[in-house]
Amino acid sequence: MIEQDTIRLLRECDAGIKMGVASIGDVLPHIRSDAFRNRLARCMAEHEQLGREIRQALDRFHDTGKDPGAMARGMSALKTGFELAIDATDATAASLITDGCNMGVKSLNQYLNQYQAADESAKDIAGRLIHLEEKLTADIRAYL
C-alpha cells in the first residue's frame, strides 16, 4: 500500500508540474513587465528542477510518470490563447496563472489526503510543489 500510494502521489505531482510548466510557457511570450517575466521564468525553472527530482523518484519504482490529461491541457491552452488574444495584458496573464495555481494547490491537497500511505519523501515533494504554487500566486498579485 505504501509503495502504491507513493507512486500515485508522485505521478500526480509529475502531471501537475508538466501542466504548470506548459501553462507558464503559454503566457511568457505575452508578458510585458520584465519583473513579472523574470518571476515566471524563475518559477518555471523551479518547477523543472522539482520535476527532475520527481522523475528520479519514479525511476526508482520503474515508473514512467504521468502526463496531464489531453483534454485538460488542450482546454487550458485554448482558454489561455483565447483570453490573451482578447486582452493581452499582464493582468490577464496573472489571472490565468493564479487560476491554474489555485487548481493545482486544490488538486495536490486532495491527492495528499487520498494517498495518505505515501512515504514521507513523496509527501515532502507534494508539499514543496504546493508551496511553489502558493508563493507564485502571492508574488504575482500585484499584476492582477
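- Atom CZ of residue Arg11 and atom OG1 of residue Thr6 lie 11.5 Å apart, to the nearest 0.5 angstrom.
- Under the 4.5 Å side-chain contact rule for hydrophobic residues, Val27 and Leu144 do not share a cluster.
- In terms of hydrophobic clustering, with Ile, Leu, Val, Met, Phe, Trp and Tyr side chains grouped at heavy-atom distances under 4.5 Å, Ile130 and Leu10 are assigned to a common cluster.
- For Asp99, there are no side chain to side chain donor-acceptor pair (under 3.5 Å) partners, not counting sequence neighbours.
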Carefully, step by step, assess Glu53 and Leu50 under the rule side chain to side chain contact (heavy atoms under 4.5 Å, CB included). CA-CA 5 Å; Glu53 188 176 330; Leu50 191 54; 3.9 Å; yes
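- Residue Met71 is found in a hydrophobic cluster whose other members, listed by chain and number, are Met75; membership requires side-chain heavy atoms under 4.5 Å apart, directly or through intermediates.
- Contact check for Asp124 versus Arg128: side-chain heavy atoms found under the 4.5 Å cut-off.
- Not one N or O on the side chain of Asp63 forms a donor-acceptor pair closer than 3.5 Å with the backbone of Leu58.
- Side-chain contact between Arg52 and His47: absent, with no pair of heavy atoms (C-beta onward) separated by less than 4.5 Å.
- Taking CD1 from Ile17 and CD from Glu133, the interatomic distance works out to 8.0 Å, rounded to the nearest 0.5 Å.
- Salt-bridge formation is not detected for the pair Asp14/Lys66: no Lys NZ or Arg NE/NH1/NH2 atom is positioned less than 4.0 Å from an Asp or Glu carboxylate oxygen.
- A continuous path of ILVMFWY side-chain contacts below 4.5 Å connects Ile54 to Ile7, so both sit in one hydrophobic cluster.
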How far apart are the C-alpha atoms of His30 and Glu83, what are their side-chain angles, what is the distance that settles it, and do they pass the side chain to side chain donor-acceptor pair (under 3.5 Å) test? CA-CA 11 Å; His30 303 277; Glu83 289 200 23; over 6 Å; no
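- In this structure the side chain of Ile97 reaches within 4.5 angstrom of the side chain of Ile140, judged on heavy atoms.
- Within the structure, no pair that satisfies the ring pair (Phe, Tyr, Trp, His ring centres under 6.0 Å) test touches residues 65-123, not counting sequence neighbours.
- Arg73 meets the salt bridge (charged side-chain N to carboxylate O under 4.0 Å, His left out) test with Asp26; sequence neighbours excluded.
- Residues passing the side chain to side chain donor-acceptor pair (under 3.5 Å) test with Asp87, sequence neighbours excluded: Thr92.
- The salt bridge (charged side-chain N to carboxylate O under 4.0 Å, His left out) test applied to Asp119 returns no partner, not counting sequence neighbours.
- The same ILVMFWY cluster, assembled from side-chain heavy atoms under 4.5 Å apart, contains both Leu28 and Tyr143.
- The line from CG of Leu129 to CD of Glu134 is 10.0 Å long, rounded to the nearest 0.5 Å.
- A 4.5 Å side-chain heavy-atom check between Leu96 and Leu84 finds at least one atom pair inside the cut-off.
- Using a 4.5 Å cut-off on side-chain heavy atoms (C-beta onward), Leu9 and Asp5 make no contact.
- Between Asp34 and Arg37 there is a salt bridge, with a side-chain nitrogen of the basic residue lying less than 4.0 Å from a carboxylate oxygen of the acidic one.
- In this structure, Asn109 CG and Gln114 CD are separated by 12.5 Å, a value rounded to the nearest 0.5 Å.
- Considering every non-hydrogen atom in both Asp90 and Ser33, the closest pair reads OD2-N, 3.0 Å.
- Around NZ of Lys123, the count of heavy atoms belonging to other residues, nucleotides or ligands within 6.0 Å exceeds 12.
- One distance of note links CE of Met44 with OG of Ser23; it measures 9.0 Å at 0.5 Å rounding.
- Rounded to the nearest 0.5 angstrom, Lys18 NZ and Asp67 CG are separated by 4.0 Å.
- Between the side chain of Thr80 and the backbone N or O of Ser76 there is at least one donor-acceptor pair closer than 3.5 Å.
- In the hydrophobic clustering of this structure, Met103 does not group with Leu112; members are Ile, Leu, Val, Met, Phe, Trp, Tyr whose side-chain heavy atoms approach within less than 4.5 Å, directly or through other members.
- The pair Arg55-Asp59 does not count as a salt bridge, with every side-chain nitrogen at least 4.0 angstrom from each carboxylate oxygen.
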